[in-house]
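As the structure is a prediction and not an experimental result, all values here were calculated from the model.
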Amino acid sequence: SSENTSAKINSKAASLANKFAVLALIFGIVIIFITPPMSCPDDDDHFTNVMRIANGDFLPSVENGQAGSYLTEDQYNLHIRFSSNVFGYNLLDYATVKELLSTERSETKIFVPMEPINPLSYNAAALGGWIGANILGIENAYSIYLLARISNLILFIFAVKKALEITPIFKNTMFLIALMPMTVYQCSSLSYDTTIICGSLLLFAYIAKLVSADSSYKIKNSDIVGVAVA
């Protein structure tokens, strides 16, 4: 019957979505902890924007006519120390990690000039950083940096899992694209590309669902909200 067929399709979609969530979580966590700070493309700039928002400054600041962000001294030191570490050639050793994890939080703020970027793109990562600093009471910049990256990964997993459950077509294609090493690498960094990728896949899934639906289907509020958010 059509009901049994629909149930089987939904069961397969849920199974594929769950497999993606598990694999993406494993690969993403590994990437986060083996990749040195600021070694993803433009990571130093993304770090500056994310930490600004996590520190409570949603919009860029202006000093002497130049837009930029204020970082705490420990965040600034992490930024400066690794910002020249392009593409992660200088791998972290145990002693460096131990040192980074023991650094205490500073109240002193330092201004970092940079081009302002839409803060909405960083909300997931900044939320992780804010929770780490203000809810969990974490006292060092490196741990907050890791939590911010994990938050982006969680957004990615949630969004793609939802997209796989929604789309009636190209499920396997989306599954494979989302698990490509570059996709997981990018979406476990601080980059705003995470938001773009999540929004794109969700938008495709909702559009595919609505286009494939028969004429009796009535658009739901959840469809409208989903498309608007994406």
Side-chain angles (χ1 to χ4, degrees), residues 31-33 35-92 96-156 159 185-200 229:
I31 288 172
I32 287 171
F33 282 95
T35 308
M38 316 306 153
S39 59
C40 300
D42 300 321
D43 217 17
D44 52 340
D45 288 340
H46 296 313
F47 174 78
T48 303
N49 280 291
V50 168
M51 291 302 105
R52 180 194 75 240
I53 300 170
N55 291 339
D57 301 322
F58 189 73
L59 297 175
S61 302
V62 177
E63 187 173 293
N64 297 324
Q66 173 68 57
S69 302
Y70 282 99
L71 300 182
T72 60
E73 188 175 9
D74 57 315
Q75 293 167 359
Y76 178 79
N77 290 337
L78 180 67
H79 172 274
I80 292 299
R81 180 171 179 180
F82 291 96
S83 60
S84 60
N85 183 23
V86 181
F87 302 124
Y89 291 130
N90 300 317
L91 298 178
L92 292 177
T96 305
V97 172
K98 186 177 180 180
E99 176 195 341
L100 291 174
L101 291 174
S102 64
T103 304
E104 295 184 358
R105 184 174 175 83
S106 170
E107 296 301 324
T108 304
K109 290 192 174 183
I110 300 173
F111 184 76
V112 181
M114 66 175 300
E115 291 295 324
I117 300 175
N118 187 340
L120 290 175
S121 306
Y122 294 109
N123 275 352
L127 178 61
W130 183 85
I131 289 174
N134 297 282
I135 304 299
L136 302 179
I138 293 175
E139 293 292 333
N140 67 86
Y142 180 60
S143 295
I144 294 173
Y145 167 83
L146 293 177
L147 276 175
R149 291 185 63 177
I150 290 171
S151 293
N152 254 2
L153 176 64
I154 291 172
L155 169 66
F156 170 62
Y185 173 81
Q186 199 73 347
C187 291
S188 57
S189 72
L190 296 181
S191 175
Y192 50 64
D193 288 348
T194 303
T195 308
I196 297 170
I197 291 170
C198 292
S200 299
V229 170

Do you see a donor-acceptor pair shorter than 3.5 Å between the side chains of [X] and [Y]?
{"X": "N140", "Y": "S143", "answer": "yes"}
{"X": "Y122", "Y": "H46", "answer": "yes"}
{"X": "Y145", "Y": "D43", "answer": "yes"}

Once rounded to the nearest 0.5 Å, what's the spacing between atom [atom1] of [X] and atom [atom2] of [Y]?
{"X": "I150", "Y": "F33", "atom1": "CD1", "atom2": "CZ", "answer": "4.5 Å"}
{"X": "L100", "Y": "F82", "atom1": "CG", "atom2": "CZ", "answer": "5.0 Å"}
{"X": "E73", "Y": "L78", "atom1": "CD", "atom2": "CG", "answer": "13.0 Å"}
{"X": "T194", "Y": "L155", "atom1": "OG1", "atom2": "CG", "answer": "7.0 Å"}
{"X": "L147", "Y": "N152", "atom1": "CG", "atom2": "CG", "answer": "12.0 Å"}
{"X": "L190", "Y": "S121", "atom1": "CG", "atom2": "OG", "answer": "13.0 Å"}

* To do: Return the set of residues passing side chain to side chain contact (heavy atoms under 4.5 Å, CB included) with I31 (not counting sequence neighbours), or none when no residue passes.
  =>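 With neighbours one apart ignored, the set is T35, R149, V184, Y185, S188.
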* Excluding sequence neighbours, so at least two apart, what forms side chain to side chain contact (heavy atoms under 4.5 Å, CB included) with E63? -> Y70, F111
If you look at every heavy atom in [X] and [Y], which pair is closest and at what distance?
{"X": "V50", "Y": "A148", "result": "CG1-CB, 4.0 Å"}
{"X": "T108", "Y": "S106", "result": "N-OG, 3.1 Å"}
{"X": "E104", "Y": "D74", "result": "O-CB, 3.7 Å"}
{"X": "S69", "Y": "T48", "result": "CB-CG2, 3.5 Å"}

* To do: Step through the shown structure and confirm whether more than 12 heavy atoms of other residues, nucleotides or ligands are within 6.0 Å of OH on Y192.
  =>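 No, the 6.0 Å shell around OH holds no more than 12 heavy atoms from other groups.
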* To do: Report yes if some heavy atom in the side chain of W130 is under 4.5 Å from a heavy atom in the side chain of I53; otherwise report no.
  =>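 They are not in contact (no side-chain heavy atoms under 4.5 Å apart), so the answer is no.
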* To do: Could you tell me whether a side-chain N or O of N118 sits under 3.5 Å from a main-chain N or O of L120, the two making a donor and an acceptor?
  => yes
Enumerate donor-acceptor pairs with a distance under 3.5 Å from any side-chain N or O in residues 54-61 to protein atoms, sequence neighbours excluded.
from: N55; atom 1: OD1; to: Q75; atom 2: NE2; distance (Å): 3.3
from: N55; atom 1: ND2; to: M51; atom 2: O; distance (Å): 3.0
from: N55; atom 1: ND2; to: Q75; atom 2: OE1; distance (Å): 2.9

* To do: Any chance you could lay out the side chain to side chain contact (heavy atoms under 4.5 Å, CB included) test for V112 and R52, step after step, and finish with the verdict?
  => CA-CA 10 Å; V112 181; R52 180 194 75 240; over 6 Å; no
* To do: Take the angle between the ring planes of H79 and F47 and call it parallel below 30°, perpendicular above 60°, tilted in between.
  =>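 Parallel: the ring planes of H79 and F47 meet at under 30°.
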